[in-house]
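Please read the structure below before turning to the comments.
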Amino acid sequence: MKHRVILHSDANCFYASCEMVLNPELRDKAVAVGGNEEERHGIILAKSEKAKRVGVKTGMPLWEAKNLCPDLIIVPPHFEYYSKFSKLLHKIYERYTDYVEPFGLDECWLDVTNCGVDGEIIAEEIRQAVKDELGLTVSIGVSFNKVFAKLGSDLKKPDAVTVISKENFKEKVWPLPVSDLLYCGRQTTQALLSCGITTIGLLAKAPLDFITRKFGKNGHSLWVFANGEDDSEVAHKDYYVPPKSVGHGITCIENLVNDEEASKVIVSLSLDIGYKLRKEGLHAGGVSLVVKDENFTHYSYQTKFEATTQDEGLLSKEAIKLLKKNYPWVFKIRALTVTAIAIETTDTPVQQDMFFDYEKQDKRKKLGETINDIKDTFGKSAILPATVLDEKKMPKKRQEDTVLPGIMHK
Ligand SMILES: [Mg+2]
């Protein structure tokens, strides 16, 4: 295989750093981006270097972070700005190559094989340009494949460049814990540890047939990664990755106490999902419901459909069924997330089913298109089903809004 030069650039403390550029008074302070405290959506979404040093973690409730760090400044998120900064970062990357593949808002792979310049030199130029032009810092990994480039960007930060070459990867990468490997999730890590495979090097040296037998396809690819043989390509900047799931979740202002209250929230969450599916031309093959109770315990339920759909009515009906069938109601519900799963870009042919009402399906489809038109013209809250109107427990503001990309963060 041809020798490739791949960079992975990761903006350091991205949300918090953007906030510091927007408001220089925050510089060098312990800053965290988090939900509104009064509405008690309170968790830390991102933190500055200084906040990190005293133990503030992403996902931590705001009150806990405040206890740890009394002078912590909490600012609400400004996603529209982060997305602008993200585009500006891409503009800098695109000076070198058209092969720029995002991984979330703050990370990108670049294939600079054909630049005719040493990868490390390009990385240094980019690092400097980002600092001078945007006031942000990035750490960049330079390597011969995507997985090691990503690893490299984690090794030294902030504002640094790390080279992992064919000559030095055994020395630099192999001693690292196996969980540092991209796509080595918590469960796989546990399973590998139970076989005594603690480092990337031990995984690389394990017999492939043993790994495949024990860990299947995922194990096979992790073994390939560990040996530096990842040959996946960096996508072109115009490449569109269809989302694997389209979801919407919310933390309620007051805890929900019964099926009826939870159902109203589910109906309301499903609305946006139907809208997004139609907008993106996607079809859901199933739905998942994640319930977080008042003790922060998560319950996750899902179901697959016989045929795909874009219909929010069907999505919410099935999600409500999941709730009624499964949720034990020992504790009140704090947060709910509805996600359309098994996403397909085309409609799967509906099975011949004598009980299936085609006419009704057709009408529903037309209704969906009309709903999108109205929402595009008059705004997203122009149409709400009667069940969610005047509901005092509905949050004032929508909180998490997720269109998950095809590739997920570890
Ligand atoms: Mg980052």
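Note that these values count all heavy atoms, side chains included, but never hydrogens, waters or copies made by symmetry. Remember, it's 1-based here, ligands and their atoms both numbered in the order they're listed.
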> Can a salt bridge be assigned to the pair Lys157 and Glu49 using a cut-off of 4.0 Å between side-chain N and carboxylate O?
Replying inline: no
> Between Tyr82 and Phe85, does the ring centroid distance fall short of 6.0 Å?
Replying inline: no
>> Centroid separation under 6.0 Å, is that true for the rings of Phe148 and Phe144?
In response: yes
>> Can you confirm whether the side chains of Ser143 and Asn145 place a donor and an acceptor under 3.5 Å from each other?
In response: no
>> Just verifying a value: how many Å separate Ser316 OG and Ile266 CD1, rounded to the nearest 0.5 Å?
In response: 8.0 Å
> Can you tell me how far OH of Tyr299 sits from CZ of Phe331, rounded to the nearest 0.5 angstrom?
Replying inline: 6.5 Å
>> For the Mg ion (ligand 1), which protein N/O/S atoms fall under 2.8 Å? Skip waters.
In response: Asp10 OD1, Ala11 O, Asp106 OD2
